[in-house]
2 protein chains.
Amino acid sequence: MSQQDDVPTPPWERPRKRQAPARIPLTRERIVDAAFVVLDRDGFDKLSMRQVAAKLGVAVSALYVHVDDKDELLRLMYNRMFEGVDLPDPDPETWQEQIKDFARSGRERLLRHRDMARISMGHVPFTGELLPHIEKLFAILKAGGLPDKVMAIAGDLLSTYMEGFTLEENMWRERMGEASWQTISTETENYFASLPPDRFPNLVALADLMVGETNDYRFELGLDIIVRGLASYSVSPSAPDGDEAP
Amino acid sequence: MSQQDDVPTPPWERPRKRQAPARIPLTRERIVDAAFVVLDRDGFDKLSMRQVAAKLGVAVSALYVHVDDKDELLRLMYNRMFEGVDLPDPDPETWQEQIKDFARSGRERLLRHRDMARISMGHVPFTGELLPHIEKLFAILKAGGLPDKVMAIAGDLLSTYMEGFTLEENMWRERMGEASWQTISTETENYFASLPPDRFPNLVALADLMVGETNDYRFELGLDIIVRGLASYSVSPSAPDGDEAP
DNA sequence: GTACATTGTGAACAGTGTTCTTTCGGCTTT
DNA sequence: AAAGCCGAAAGAACACTGTTCACAATGTAC
């Protein structure tokens, strides 16, 4: 636990000037790292400052030197999600696919850590770090020929769908952690299918489509609906790219 | 606080047989009522079993006779949201408006109580009480000529948007509780407008549209985008009702 | 080598959800 | 009418939570 009983390191072993950091200094980065370890292991409900401190082998109060709040810690975790995001340059030909990629990579990032969607939800989505991404998203939408008022709401629409869908995904998996996904989905499908068909004809009929399909497939479909809706507002001549419905 | 030192009420003052229910019995209903009072007064973060008990003038442990969990209490609050919901019978002519009304009334219900959106989020949306509503929503979508696979995802899409949008609404108002809405929105607009225009041309240009518009307007617009996307999948001949874009 | 400022410590405070045992009140049964 | 009973409420306790405080150790600067 304590390394105080080591002999002092001889001078010729000290590489440059002082000492190689024998005791790794506590930094925001290390705290956030530890928080993610705890999150993935214990879930959001058990993510406490004490657990994070324990993971680092450090007293709780030490965290508060580097982090104001638990809220700030969560904000740092939230911001980390956007590290390395790189949206492509807007292309009027493929803007719909570019928008979809934006949402896909968002969902991917949310699924990377357990309960991440719960942290993401409940954050006003305008921390300074992600302004560049919003800007680029807007650029893509503009390239698609969308009017300003639609652009102004499209960001909310997309992130809301992406976060909400992923949150629901997360919840199904969390709420029944023991049983396998296969078990749950067939059980749920059977439940819907077993409802009285005179009162719930549609629920019975759609039972397999509601839970039987892959989450990936359902996400894609919802995404396509949104993008079609956006495209219907496009004023650019090349908006309907062939497979538009009506 | 305690009424034990009262003299016993003389018999001629007892109205009928016993006593008029001097001590109103604790029921789930009364507990949920009190919980809503606390919620509206103190917000979700301060909604604790102890506060609810205090509101009822009762010990905390008394609540657990009627309610298993805090989770169950939240579930009861969630279910109350759907009391009195009455969707119209499906009409192929106006299904788009019917869908919109569904989302509008949902948002309305969510805004009725402070932080209600946070309770709603984080509930797998299939409690038995609201199966009838989902069924009827499906009926409306079917009347609109939507294929089965689209119907199966449309519910998620709509409720996700409705809840996510309202949650964000709630958050803006909560996070800066003191200042007026007017103050906040102009401040935010100024912030966006003051960004360096070479790096954030779109954010600067859209500043007024993003925060200047009414929440009602922005909600309607997002709703319209979704419904247009849904309608683009309709196979019924009367789907495009005139003002469809392409 | 001494002063300083930063960083980590341990204890404490005010809350939280939940459970346990005890007490009470109103109802039924003699 | 008295006795008993059983569900419901009370009170205290447990194991947590986020956060703050005064104090000790640490390494840096003069």
Side-chain angles (χ1 to χ4, degrees), chain A residues 1-6 8-9 11 14 16-31 34-35 38-39 42-77 115 118-119 122, chain B residues 1-6 8-9 11 14 16-31 34-35 38-39 42-77 115 118-119 122:
Chain A
M1 192 66 76
S2 92
Q3 301 178 327
Q4 309 187 33
D5 45 2
D6 287 0
T9 40
R14 302 186 190 156
R16 264 284 175 201
K17 25 177 60 178
R18 284 277 164 200
Q19 189 166 351
R23 191 165 279 165
I24 323 156
L26 211 51
T27 65
R28 281 158 110 91
E29 299 306 316
R30 294 221 308 134
I31 293 176
V38 174
L39 180 70
D42 302 335
F44 182 71
D45 289 325
K46 315 230 130 188
L47 172 61
S48 70
M49 300 299 273
R50 278 169 163 91
Q51 286 295 325
V52 174
K55 182 79 223 166
L56 291 164
V58 122
V60 213
S61 43
L63 302 180
Y64 286 86
V65 179
H66 306 271
V67 158
D68 281 356
D69 259 339
K70 188 183 183 181
D71 260 16
E72 181 174 19
L73 176 53
L74 294 178
R75 216 172 315 142
L76 292 173
M77 298 174 79
D115 280 341
R118 283 175 67 184
I119 296 183
Chain B
M1 194 66 77
S2 91
Q3 301 179 328
Q4 308 187 35
D5 44 2
D6 287 1
T9 39
R14 303 185 189 157
R16 265 277 177 207
K17 25 178 63 177
R18 281 277 163 199
Q19 191 163 349
R23 193 162 280 164
I24 323 155
L26 211 50
T27 64
R28 281 159 106 92
E29 299 305 317
R30 292 221 310 133
I31 292 177
V38 175
L39 181 69
D42 302 336
F44 182 71
D45 288 326
K46 314 229 127 186
L47 171 61
S48 70
M49 300 299 274
R50 280 171 160 91
Q51 287 295 326
V52 175
K55 181 80 224 164
L56 290 164
V58 122
V60 212
S61 44
L63 302 180
Y64 286 86
V65 178
H66 305 271
V67 159
D68 282 355
D69 259 340
K70 188 183 183 181
D71 259 16
E72 182 174 20
L73 176 53
L74 294 179
R75 216 173 314 143
L76 292 174
M77 298 174 79
D115 281 341
R118 283 174 68 183
I119 296 182

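Order of the sequence lines sets the chain letters (A, B, ...), proteins ahead of strands, with each chain counted from 1.
Using a 4.5 Å heavy-atom threshold, the side chains of Val65(B) and Leu26(B) count as separate. Contact annotation: the side chain of Leu47(A) never approaches that of Arg118(A) to less than 4.5 Å [non-hydrogen atoms, C-beta and beyond].
For DNA chain D, the residues of residues 43-60 of chain B within the heavy-atom distance limit of 4.0 Å (strictly under) are Arg50(B), Val58(B), Ala59(B), sorted by number. Contacts between residues 61-71 of chain A and DNA chain C, defined by a heavy-atom separation under 4.0 Å, are made by Ser61(A), Ala62(A), Val65(A), His66(A).
Atom CG of Asp69(B) is separated from atom CG of Leu76(B) by 10.5 Å, given to the nearest 0.5 angstrom. Here the straight-line distance linking atom CG of Leu39(B) with atom NZ of Lys55(B) works out to 13.0 Å at 0.5 Å rounding. Expressed to the nearest 0.5 Å, how far CD1 of Ile31(A) lies from CG of Leu63(A) amounts to 5.0 Å.
Heavy-atom neighbours of Lys70(A) NZ from other residues, nucleotides or ligands within 6.0 Å: above the threshold of 12.
Summarising the geometry, the separation between CZ on Arg28(A) and P on dT7(C) is reported as 12 Å, rounded to the nearest angstrom.
Checked against side-chain hydrogen bond (donor to acceptor under 3.5 Å, both in side chains), Asp71(A) has no partners two or more places apart in sequence or in another chain.
In terms of modelled atom types and a separation under 3.5 Å, the side chain of Arg30(B) and the main chain of Pro25(B) share a donor-acceptor contact.
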